[in-house]
Amino acid sequence: MLGSASKAFFQLLAQSRTLKKLATRFAMRTPASFVRRFVPGETVEDAIRAARVLEAHGLTETFDHLGESVTTLAEAVAATRDYLDVVRAVTESGVERNISLKLTQLGLDVDRASAVDNLRKILELAEPAGFFVRIDMESSQYTEVTLDVFETLWQQGYRQIGVVLQSDLYRSEDDLRRINALGARIRLVKGAYREPKSVAYQKKADVDAAYARMMKVLITDGHYPAIATHDPAMIDLARQWAVEHGVASDRFEFQMLYGVRRDLQAMLVGAGYRLRVYVPFGRDWFPYFMRRLGEHPANVGFVLRSLAGEGR
Ligand SMILES: Cc1cc2nc3c(=O)[nH]c(=O)nc-3n(C[C@H](O)[C@H](O)[C@H](O)COP(=O)(O)OP(=O)(O)OC[C@H]3O[C@@H](n4cnc5c(N)ncnc54)[C@H](O)[C@@H]3O)c2cc1C
């Protein structure tokens, strides 16, 4: 399948240190850089500026300070400090208070207890300030530990937190029951990582069918779920399902990535739906950007056209 081959190819490129070094140094140089289509900038000020534009058009946002898989505790502590600064900057700015983060960024690969402590530090500052904190879902080797950490924090009384489930994993329908039973907010996605067939559907039709099943459960029985997709068929189905089951449009929200299907984003807001845009920013944008290219090879054409334009 082209989709999974291209995901695998771009996942491989994402691991190239040389490419990453080169890209990080040069690709964000100009305000018109092709990277800025998907990542508004490297600083929190860039992200807040993008958020203001979104809010002016009736959209909301969640901020993601890019970074993943740190390999030392010092890096994890630095990433935590960065997030605390983001929470402070967003609070001061007056834009909506909503962040997304990854556990490997907070040190999950180094030491689980430290990663949880780091997350707790962020929650201690963010929750009283009225933030919602979404724990992104990473590749399948982290699914169980991410849900365990989430459940532990939930049991400790944190309520302004939510998690993500990926419809490409076989296990996710069971996980949906497990997390929904807590009363927690779930973001439903198809899954951005190349996964083996021992754990995940390989055919797009199967991933989509699982997405549709999970989405229906979330809309009727979920807790303010986030339907995160750019797929017009899934979006139509969600709208239709909600109407048929008398679920008001403010009981769930759609979510999309910054720079992706802006036409669809505007259309949904115009039709009276809630739409949250995932706004990633930071110096470590390279793996995120490569995943976006991998899931939609047409974006490579966009990059090449922009490069040709920048060369002029
Ligand atoms: C808000 C948000 C948060 C996410 N969080 C996570 C997470 O925590 N963990 C995780 O694994 N994944 C996450 N994802 C990514 C997700 O898993 C998918 O990889 C991604 O959304 C593409 O799938 P799709 O549902 O849009 O449908 P697809 O079937 O892949 O695409 C449907 C249509 O959407 C458009 N489209 C999709 N992707 C792109 C793109 N990159 N560029 C341009 N057009 C595109 C195309 O028109 C395509 O035909 C998130 C996605 C969103 C929107």
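Atoms within each ligand, like the ligands themselves, are counted from 1 in listed order.
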Around [atom], find the nearest protein heavy atom and jot down its residue, atom name and distance.
{"atom": "atom 19 (O) of ligand 1", "answer": "Glu295 OE1, 2.6 Å"}
{"atom": "atom 25 (O) of ligand 1", "answer": "Thr229 OG1, 2.7 Å"}
{"atom": "atom 8 (O) of ligand 1", "answer": "Met137 N, 3.0 Å"}
{"atom": "atom 52 (C) of ligand 1", "answer": "Leu257 CD2, 3.4 Å"}
{"atom": "atom 39 (C) of ligand 1", "answer": "His296 CB, 3.5 Å"}
{"atom": "atom 47 (O) of ligand 1", "answer": "Arg261 NH1, 3.7 Å"}

Taking the six-membered ring for Trp, are the ring centroids of Phe38 and Tyr258 within less than 6.0 Å of each other?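 No, ring centres 6.0 Å or more apart.
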Using a strict 4.0 Å threshold on nitrogen-to-oxygen distance, state whether [X] and [Y] make a salt bridge.
{"X": "Asp168", "Y": "Lys190", "answer": "no"}
{"X": "Arg134", "Y": "Asp64", "answer": "no"}
{"X": "Arg276", "Y": "Glu61", "answer": "no"}
{"X": "Arg178", "Y": "Glu151", "answer": "yes"}
{"X": "Asp85", "Y": "Arg81", "answer": "no"}
{"X": "Asp117", "Y": "Arg120", "answer": "yes"}

Could you work out, for [atom], the closest of [options] by heavy-atom distance?
{"atom": "atom 12 (N) of ligand 1", "options": "Ala192, Ser100, Ser140", "value": "Ala192"}
{"atom": "atom 3 (C) of ligand 1", "options": "Arg37, Arg276, Arg187", "value": "Arg187"}
{"atom": "atom 21 (O) of ligand 1", "options": "Gln255, Lys190, His230", "value": "His230"}
{"atom": "atom 6 (C) of ligand 1", "options": "Val189, Leu293, Leu101", "value": "Val189"}

Could you list the atoms of ligand 1 found under 4.0 angstrom from a heavy atom of [X]?
{"X": "Gly191", "answer": "11 (O), 16 (C), 17 (O), 19 (O)"}
{"X": "Tyr193", "answer": "11 (O)"}
{"X": "Arg292", "answer": "15 (C), 41 (N)"}
{"X": "Val164", "answer": "7 (C), 8 (O)"}
{"X": "Gln166", "answer": "9 (N), 10 (C), 11 (O)"}
{"X": "Tyr278", "answer": "1 (C), 3 (C)"}

If you take all heavy atoms of Phe252 and Val247, which pair is closest and at what distance?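 Result for this residue pair: CD2-CG1, 4.2 Å.
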Evaluate the side chain to side chain donor-acceptor pair (under 3.5 Å) criterion for residues Tyr170 and Asp206: first the C-alpha distance (whole Å), next the side-chain angles of each, then the deciding distance (0.1 Å), finally the verdict. CA-CA 10 Å; Tyr170 305 138; Asp206 293 334; over 6 Å; no
Among pairs that include at least one residue of residues 48-57, which meet side chain to side chain donor-acceptor pair (under 3.5 Å), considering only residues two or more places apart or in two chains?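 Non-adjacent pairs meeting side chain to side chain donor-acceptor pair (under 3.5 Å): Asp46-Arg49.
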Indicate yes or no for a side-chain donor-acceptor contact from Gln202 to the backbone of Ala200 under 3.5 Å, with no hydrogens or angles considered.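 Yes; judged by distance alone, with no hydrogens or angles, the pair exists.
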Distance-only donor-acceptor check, side chains Glu138 and Thr104, under 3.5 Å: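 Result is yes, a qualifying pair exists.
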Under 4.0 angstrom from ligand 1, any heavy atom of Lys204?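 Judged by the 4.0 Å heavy-atom criterion, Lys204 does count as contacting ligand 1.
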Side chain, backbone, both or neither: Asp136 near ligand 1, heavy atoms under 4.0 Å: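 Within the 4.0 Å criterion, Asp136 contacts ligand 1 through backbone and side-chain atoms alike.
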Polar-atom distance check: Asp208 versus ligand 1, any N or O pair below 3.5 Å?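 No, no N or O pair falls under 3.5 Å.
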Would you say atom 41 (N) of ligand 1 makes contact with the protein, given that contact here means a non-hydrogen protein atom less than 4.0 Å away?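 Under the 4.0 Å cut-off, atom 41 (N) of ligand 1 does have protein heavy-atom neighbours.
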